[in-house]
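Okay, so here's the structure we're looking at.
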Amino acid sequence: MLIDTKYDPSEIEGKWLQYWLDKGFFKSTPDEREPFTIVMPPPNVTGQLHLGHTLNNTLQDILIRKARLQGKNACWVPGTDHASIATENKVIEMLAEKGINKKDLSRDEFLKYAWEWKEKYGGIILSQLKRLGASCDWDRTAFTMDDNQYQSVIKVFVDLYNKGHIYKGVRMVNWDPMRQTALSDEEVYYKEVNSKLYHVQYQVEGTADFITVATTRPETILGDSAICVHPEDDRYLHLKGKKAIVPLVNRVIPIIFDDYVDKEFGTGALKVTPAHDENDYKLGMKHNLEIIDILNADGTLNEKAQLFVGKDRFAARKLIAQSLEEGGQMVKVEEIRNKVSCSERSHAVVEPKLSMQWFCKMKDLAEPALKVVLEEELKFHPKNAVNTYRHWLENINDWCISRQLWWGQRIPAFYFGTGVNDFVVAETAEKALLIAREKSGNVNLEIADLKQDEDVVDTWFSSWLWPTAVFNGINDPGNADVKYYYPTNVLVTGQDIIFFWVARMIMAGLEYEHEIPFKDVYFTGMVRDKQGRKMSKSLGNSPDLFEIFDKYGVDGVRVGVLFSSPAGGDLIFDEKQCEQGRNFANKIWNALRLIKGLEITETESTEHNAVFEWFENKMSESLVKINDAFDKYRISDALLETYRLIWDEFCAWYLELVKPEFGQPIARNVLEKTIQYFEELMILLHPFMPFITEEIWQKLGERKAGESIMLLKWSSKKSNNVLVLQQGEIMKDLVTGIRNVRNQNNLSPKESLEVKIKTPQRENYAVFEHLVRKLANVSTLEYVLEKVADAKSFLVKTDEVFIPLEVNAEDERERMLKELEYNKGFLISVEKKLSNERFVQNANPQVIDAERKKKADAEAKIKMLEEGLAGM
RNA sequence: GGGAGCUUAGCUCAGCUGGUUCAGAGCAUCUGCCUUACAAGCAGAGGGUCAUAGGUUCGAAUCCUAUAGCUCCCA
């Protein structure tokens, strides 16, 4: 019936995926059951499935599938993020290929192209997630730019504006001159580069004196409005009240004193350019300095620079250095390594730039968000992420939420005049008009007179509403879905977006639902290759996932990814681990082949009752460990325990114990038990390997249409018979010991052996006796009171086992002496401990008892060995 | 510069409130087996001064301090 000894997942996976989708097993609607909810971190709509998603979504799927098996109403909401900058870049690239320049398009025309692009490519990653087996309620698929989400964002913007959290202002922002947009602090990364530190002389006005400053950005000299030195710096005290002359442009600027300056750094004198440096800006505000912005939006110099107008900032830098050199004002040029900030989107060097932007005040939002985490109402796994979180929230800056882009939610601010305050904020133009008429006092204002802000909000300003907005909680507060599913149970995401996203979702959740958005956050690590390098396009070390799916099966890859990522650490990807997953699938497949290949006899058998008892206890024992690992979000530990239970206990021991001899039939009752256990094991494994477990379960019995392993129940067994577990271990030790003797003596497994056991507790062996005979090919098994001469021996716990064989007395003697020596040494260390008064006084009584038992055991072994040696 | 973390077998990591024969697992390696479920397998074996140096303790991989190396986050 089942021919191939190799499991072939290719057709099976597609078949069951379609079946699950057709039957609607992933769907969820509110009912009386306990909900278990996860909202998927929405991948960029531009994205393709990579290993990071695979890890992340496999973990979520495992949690969701387990909850579903536990009878909870599991709901996993999928979706994509419109990713304003990333997508806009893609669309611009696409247009460029067609020979179209964004600048030649109107906003509406551009957005039309963008939506077309989204419709065409935006579904790719979702279908890839389906292939992974992600059991999302696909009917709930959300997109951060769909109507509901768009309206939610606008509503929240207006609300926060009205509450005074959102304001418009001129601030120093990170400016990306290539994309010509502001970036949030989080979208900037720092790159270490070789650069030059220029030491430039400024003449002190009316003297022949010079003051030297050091700068890496000499072009900003043109925007200087002061020189600053430390008020206690003896070198410069005489310059109090003096002015300096800016080289090249000969502007006269004040020399100011502020303890912000580090006396030790460079020359101790700092040039202050308030328009082009965050710290200089602060100094400028404090000392009321002129702000001279010398850069255009595209990074070229403007008229305020006076020189090199129209030149790019980097070209200007060289030209200015040259001019200073020629004018004799360059004291020296040093080679240094420093860090420059770059845009995550365009990788261009970011300019600190003064710009009119929209901001969201964070302090009031941050406080409650910090509290719920510190008080563990909301738990982080691993725990140490709390430190990072706290540090950020305690030092939080206002959030620059405007972006000079088109693809995104357009800021709902409407301008009715040219004055700084001639605008209103409202959800629609109609509403804006009413307010604008009032504010302006001009009752004749019409919608046509209003001009909406050109900017959109930061992408994260939509995704921070995700856990609420996917249930329409912002537009329809308190609706049945949001009441049932919110707060969600767990968020699974990367540590890298703890600030961008996690912290802000907590803020938004508390602000709009007055409740945390999720109870637990499981942070995954970073994805690296075998050499520990980050996966990146430029390194080309990102494997082709679909090739790997084909090669090892999706189940195999899911297992491989988990094995590569122990307990939430970094994912160090190695294909080898997928091979292990595939081999595991094959092992299970062959267990099925064994069971399906057996002939059945109706004769009832009782000889395996002890085995059933033992295996049921073994499963319970593992179940406790598995559940515990799940509770602690140690998902790969849960998998490893399941793997061991199935491979080592079920396949290697249980099946071998119940397997009839070759050609013999199996008793129906034994087969039924076996199938029952196999089914239970498949349920435990299902969250990890959904496809093969469905296939096996379907094949294990007669199934009706519409049945599925997904609809079964997670075991809640709790047998705990310690004795039978111990007897099982004794049985294994005995079998292993006999096999060892065979191995060491080059005896074929076909040659049966006599075994004699010297034990005061025969009952420990009795229950499994007949099985040991079979597993270890034992001809006679008997119990003895005395040592057996001319035999190989080994220990099972403290019992001695003898196998009569030709023995080399000298070898045996040596082995025993070695063992004796070891035990004597061990005894000494135990006795030392026990004779130490302070140990006996201070140690826990249980520990002392354990030590006494160790002592007794060691003494017994020593006695036995000594007797044995004496008898030789 | 500030913060967090890591360093245990060849590799990836467990080791929870110090105390079982505590030095572990999986993979890899080696040896022997095509033993009729499975060579994608079976039966075995070897392999580590728990980064280094101090300290606390009756007792330290585990707690403390310093040093070195690595990683991440923030400025």
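We name chains A, B, ... by the order of the sequence lines, and we start the count at 1 in each one. Being a predicted model, the structure only gives us computed values, none of them experimental.
Scanning atom types as modelled, one donor and one acceptor separated by under 3.5 angstrom connect the side chain of A/Glu656 and the base of B/A37. Side chain A/Arg739 to base B/A43: no donor-acceptor pair is found below 3.5 Å.
With respect to A/Glu547 and A/Lys551, no salt bridge is recorded, no charged nitrogen being found less than 4.0 Å from a carboxylate O. Ion pairing between A/Glu575 and A/Arg582 fails under the 4.0 Å rule for side-chain N and carboxylate O. Salt bridge status for A/Glu351 with A/Arg217: present, with a side-chain N to carboxylate O gap under 4.0 Å. Ion pairing between a basic and an acidic side chain is recognised when a charged N comes within 4.0 Å of a carboxylate O; A/Lys618 and A/Glu621 show such pairing.
Comparing the C1' positions of B/A51 and B/A68 gives an interatomic distance of 8 Å, to the nearest angstrom. Of the C1' atoms belonging to B/C42 and B/G47, the separation is 22 Å, rounded to the nearest Å. Between B/A60 and B/G55, the two C1' atoms lie 11 Å apart (nearest whole Å). Nucleotides B/C16 and B/C22 place their P atoms 14 Å apart, quoted to the nearest Å. B/G26 and B/A43 have their P atoms separated by 12 Å, with the value rounded to a whole Å. Going from the P atom of B/C58 to that of B/G18 covers 15 Å, rounded to whole Å. Distance check on atom P: B/C50 versus B/C63 gives 15 Å, rounded to whole Å. For the C1' atoms, the distance linking B/U35 with B/A25 amounts to 28 Å, nearest Å.
For A/Glu394, the CD atom counts as densely surrounded, since its 6.0 Å shell holds more than 12 non-hydrogen atoms of other residues, nucleotides or ligands.
Contact check, A/Lys659 against B/U36: no side-chain N or O comes under 4.0 Å of OP1 or OP2. Remark: A/Tyr643 is in phosphate contact with B/C27, judged by side-chain N or O atoms under 4.0 Å from OP1 or OP2. In this structure, A/Asn583 reaches the B/G41 phosphate: one of its side-chain N or O atoms is under 4.0 Å from OP1 or OP2. Dashed line: the shortest gap from a side-chain N or O of A/Lys576 to OP1 or OP2 of B/C11 is not under 4.0 Å. Listed pair A/Arg634 / B/G15 meets the phosphate criterion, a side-chain N or O lying under 4.0 Å from OP1 or OP2. Side-chain N/O atoms of A/Trp647 include one lying less than 4.0 angstrom from OP1 or OP2 on B/C42.
Place A/Thr736 and A/Cys651 on RNA chain B by their nearest nucleotides, and A/Cys651 ends up nearer the 5' end. Of the two residues near RNA chain B, A/Val735 and A/Asn590, the one whose nearest nucleotide lies more 5' is A/Asn590.
Here B/A9 sits opposite no nucleotide as a Watson-Crick or G-U wobble pair (both hydrogen-bonding atom distances under 3.5 Å). The partner of B/A53, taking Watson-Crick or G-U wobble pairs whose two distances both stay under 3.5 Å, is B/U65. Pair assignment for B/G46 gives none, since no Watson-Crick or G-U wobble pairing has each distance under 3.5 Å. In this structure B/G41 sits in a base pair with B/C33, meeting the Watson-Crick or G-U test at under 3.5 Å. Across all strands shown, B/C72 forms a Watson-Crick or G-U wobble pair with B/G3, both key distances being under 3.5 Å. B/G19: Watson-Crick or G-U partner is B/C58, with both key distances under 3.5 Å.
The interatomic distance linking A/Arg582 (CZ) with B/G41 (C1') rounds to 12 Å, in whole Å. Rounded to a whole Å, the CG atom of A/Asn395 is 10 Å from the C1' atom of B/G3. Between the P atom of B/G44 and the CG atom of A/Asp648 lies a distance of 11 Å, rounded to the nearest Å. Computed from coordinates, the A/Arg593 CZ to B/G41 C1' distance equals 12 Å when rounded to whole Å. Across the protein-nucleic acid pair, A/Glu394 atom CD and B/C74 atom P stand 17 Å apart, rounded to whole Å. B/U36 atom C1' lies 16 Å from atom CD1 of A/Ile666, rounded to whole Å. With rounding to whole Å, A/Leu775 atom CG is found 13 Å from B/U35 atom C1'. Distance CG (A/Leu562) to C1' (B/U12): 14 Å, rounded to an integer number of Å.
Taking the six-membered ring for Trp and the full ring otherwise, A/Tyr677 and A/Phe650 have centroids separated by 6.0 Å or more. Ring-centre distance between A/Tyr643 and A/Phe563: below the 6.0 Å cut-off.
Taking the side chain of A/Leu655 as heavy atoms from C-beta on, and the options B/C73, B/A40, B/A37, the nearest nucleotide is B/A37. Comparing atom distances between the A/Leu640 side chain and each of B/A40, B/A25, B/A37 picks out B/A25 as nearest. In the set B/A37, B/C27, B/G2, B/G2 carries the atom at the smallest distance from any side-chain atom of A/His391. Listed nucleotides: B/A4, B/A37, B/G26. Nearest to the side chain of A/Asn387: B/A4.
Of all the heavy atoms in A/Ala385 and A/Ile498, the pair that sits closest is O-CD1, 3.8 Å.
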